[in-house]
Each structure stands twice: as C-alpha cells, then as structure tokens.
Amino acid sequence: MNERQGFSVAGIPMVFVCFLMGVGSVALWMETARGTTGYLGPAGVLLIALALLMVKGFFQVAPNEGQVLQLFGKYAGTVRVEGLRWTNPFCTRRRVSLRVRNFESGKLKVNDSDGNPIEIAAVVVWQVIDTAEAVFCVDDYENFVTIQSESALRQMAQNYPYDAHDDGKPALRSHGDIINNHLRDEIQARLDKAGVRVVEARISHLAYAQEIAQAMLQRQQANAIVAARERIVEGAVGMVAMALEKLRQQGVVELDEERKAAMVSNLLVVLCGDRATQPVVNAGTLYGG
C-alpha cells in the first residue's frame, strides 16, 4: 500500500462557513418564535446539526507530521499540509510523526564469526517516509523498528570477527565504516515494508563478553608485545649492520669472523634488551690477552 494525498481544504474559510450556518440557524429560530412561519424551526434545527457535524472535520497538522485518514475503515489518503485543515467529518484520523528519530538498542550478547562471545549495541536513526505502509502494513511500526533493528544487528555481528586477521577481511573493531554501512543496509532491508528509511546506523558499544574479556585482553597484550619486539629487532639488526660497515670503511679496527659474531651478539643484547645493560671494561687486549 502506497501513500497518497488525502482530501482536505483550508480550515479558516470553513470556520466562517460554520459560523454563518450557526448565525442562520439562530435567525430561523427567531423567525419561528415570532410566529411568521412554522416550517423554519425544523430547518434551523437541521442547520445547527449540520454545523455541529462539520465542526468534527477540523484538525491540525504540525510541521513534519502527517494525518492518515480513514473513511469507514478504508484508507482515504494522508494530509501533510501544515496548519488548520478540514476534511470529511466521517473520516477518522491518525497522527504519524515524520520527524527524524533515533534509539539505542540494548547490549546484545552474540557470537562473532570466530565463535567468540561479544557484547554489541547500536544507535539507529530513522524516519517514516510512507505513512500508509507504517500504519497499515505493520501492527506497531515503532516496536517493529526496534525489534527488527536488533535482529539485524545480531545477524550482522555474526558475519565478522571481533579483531582483524592476516587475511585482510573486515573486522568489527577495525573497520567501522564498512560495518556501519552493512548494518544500515541490513536494517533497511527489514524496514522497507514498514515505510521507514534508515538515515544512519552506528555501533555504539563493542566489547568481549565478561567471561572471556580477561583472556582476550592478555592475547591483545601479547600481540602488542610481539609486534613491538619485531620492530625492535628489525631496527637493531639495521644498526648492527651499519656499525660493522662504518668500522670497515673507516678502518678503525680489523675484526675476524669470530670477533664480528661476538660484537653482533653483544650489540643485539644491548639494543634488544628490556633492561639497562652493565658494561664490562676489558683492560687487556682485544683478544683477552
């Protein structure tokens, strides 16, 4: 069911029409009281009853709001024109907000693609764009948005790992734009039937579940230490190679292969160690004599 424009007219002119009908009915009653004619009394009653019935057709439309009209149970259109309006008095009306709204889902516990239990939540920004579908295609569109958004969040979270791996695939923690776009598309696919447009969807909370949080923290710390050590070793090897090359070019000292190996070992210990080194002064010859 698609939205269509409902019948309505400006309310201010209809106010004057109702006022004139009321004045006319009073005039007819006065003529009847004078006894000039006998049939004007029923006409006055009919006129005032008609005026009262027309009053029921007045309603207001606020900015960014729609009024869904139903005539004897049948959809009669939607009025979006702001201000005081008048329509068929027999039409029932339902107010639907067209404003941009948002909500934050609760913290859901799901398993990522690696099977690790995680906690995840999201903020969804949405707006009704088709009032007919929002009112008639689902029972309660606000509750529908909430439940379907949480369902889409669960489905999306199961497709990605928490942390990125070496295969380069997106991960929940490191590829925010990709994850948010996927989440928005996943929610939009579920809310199309409710006449709702998803403006934005973003992850607002992401963490390992409490039962594995400590173990995962230790793993992250270990990965960080390994990465730091790799960088230190890479730099130390470069510095040792540069030191040996400078000694050779400048002819400061001639070292055989055994002494070069000892020098490399000592330099790597100094450069890669996580504690301050204690120098040993050799008072003899280079070869320990």
Side-chain angles (χ1 to χ4, degrees), residues 1-3 63-66 80 96-135 137-228:
M1 179 178 293
N2 295 325
E3 178 184 311
N64 285 328
E65 181 182 273
R80 295 196 180 198
V96 177
S97 175
L98 304 176
R99 298 178 179 90
V100 176
R101 287 178 275 183
N102 69 88
F103 79 95
E104 184 175 10
S105 68
K107 296 180 181 179
L108 307 178
K109 181 180 289 188
V110 299
N111 292 335
D112 65 1
S113 62
D114 293 335
N116 298 319
I118 62 174
E119 293 180 350
I120 190 169
V123 173
V124 180
V125 182
W126 60 281
Q127 180 183 25
V128 174
I129 59 174
D130 192 311
T131 57
E133 291 184 346
V135 172
C137 292
V138 294
D139 185 44
D140 184 345
Y141 67 91
E142 293 183 353
N143 186 54
F144 186 81
V145 169
T146 301
I147 294 177
Q148 293 300 322
S149 297
E150 292 184 352
S151 176
L153 179 60
R154 289 181 179 274
Q155 182 66 33
M156 185 277 301
Q158 294 174 357
N159 294 329
Y160 298 95
Y162 182 91
D163 278 316
H165 301 312
D166 295 335
D167 53 12
K169 293 183 179 179
L172 296 172
R173 193 166 68 95
S174 58
H175 295 75
D177 291 338
I178 297 176
I179 299 302
N180 292 331
N181 290 336
H182 185 183
L183 176 61
R184 181 193 61 201
D185 296 340
E186 192 78 23
I187 298 175
Q188 184 64 70
R190 297 167 183 257
L191 299 184
D192 280 338
K193 64 184 70 176
V196 172
R197 179 174 68 93
V198 180
V199 180
E200 184 182 16
R202 289 189 172 274
I203 302 298
S204 61
H205 173 79
L206 181 64
Y208 282 112
Q210 293 183 357
E211 57 266 27
I212 66 166
Q214 187 63 33
M216 290 302 176
L217 178 60
Q218 293 176 353
R219 190 184 74 173
Q220 292 177 356
Q221 292 175 343
N223 292 336
I225 292 174
V226 170

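Side chains are part of it too, since the values below use all heavy atoms of this structure and drop only hydrogens, waters and symmetry mates.
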* To do: Please assess Met156 against Leu172 for the test side-chain contact (heavy atoms from CB on, under 4.5 Å), listing each intermediate value before the final yes or no.
  => CA-CA 10 Å; Met156 185 277 301; Leu172 296 172; 4.0 Å; yes
What closest approach, in Å, do [X] and [Y] show between heavy atoms, and which atom pair accounts for it?
X      : Y      : result
Lys109 : Ala209 : CE-CB, 4.2 Å
Pro117 : Asn111 : CA-OD1, 3.4 Å
Ala121 : Gly106 : CB-O, 3.7 Å
Pro170 : Pro161 : O-CD, 3.5 Å

* Might you work through the side-chain contact (heavy atoms from CB on, under 4.5 Å) test for Asp192 and Glu133, ending with a clear yes or no? => CA-CA 9 Å; Asp192 280 338; Glu133 291 184 346; over 6 Å; no
* To do: Kindly indicate whether the side chain of Tyr162, heavy atoms from C-beta on, has any atom under 4.5 Å from the side chain of Asp114.
  =>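 Not in contact.
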* Between Phe103 and Val145, is any pair of side-chain heavy atoms under 4.5 Å apart? ->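 Yes, side chains in contact.
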* Residue from Asp163, Ile118, Ile179 passing side chain to side chain contact (heavy atoms under 4.5 Å, CB included) with Arg173 ->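 It is Asp163, the one option of Asp163, Ile118, Ile179 that forms the side chain to side chain contact (heavy atoms under 4.5 Å, CB included) with Arg173.
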Polar side-chain atom of [X] near backbone of [Y] as donor-acceptor pair, under 3.5 Å:
X      : Y      : answer
Gln188 : Val196 : yes
Asn116 : Asp112 : no
Asn180 : Ile203 : yes

* To do: Return yes when atom CG of Asp139 has more than 12 non-hydrogen atoms of other residues, nucleotides or ligands closer than 6.0 Å, and no otherwise.
  =>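 No, because the 6.0 Å sphere around CG of Asp139 holds 12 heavy atoms or fewer from other groups.
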To the nearest 0.5 Å, how far apart are [atom1] in [X] and [atom2] in [Y]?
X      : Y      : atom1 : atom2 : value
Leu183 : Arg202 : CG    : CZ    : 10.5 Å
Leu206 : Glu119 : CG    : CD    : 9.5 Å
Glu65  : Arg99  : CD    : CZ    : 6.5 Å
Ile120 : Gln158 : CD1   : CD    : 10.5 Å

* To do: Please check if any side-chain donor atom of His182 sits under 3.5 Å from a side-chain acceptor atom of Tyr160, or the reverse.
  =>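 Tyr160 and His182 do have a side-chain donor-acceptor pair below 3.5 Å.
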* To do: May I have the step-by-step check of side-chain contact (heavy atoms from CB on, under 4.5 Å) for Trp126 and Ile187, ending in yes or no?
  => CA-CA 10 Å; Trp126 60 281; Ile187 298 175; over 6 Å; no
* **Residues which pass side chain to side chain donor-acceptor pair (under 3.5 Å) with Glu3, listed by chain and number, not counting sequence neighbours** =>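 Applying side chain to side chain donor-acceptor pair (under 3.5 Å) to Glu3 gives Arg80, Thr131.
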* Sort and list the pairs that fulfil side-chain hydrogen bond (donor to acceptor under 3.5 Å, both in side chains) and have at least one residue in residues 146-155, not counting sequence neighbours. =>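 Passing the test, one end in residues 146-155: Ser151-Arg190.
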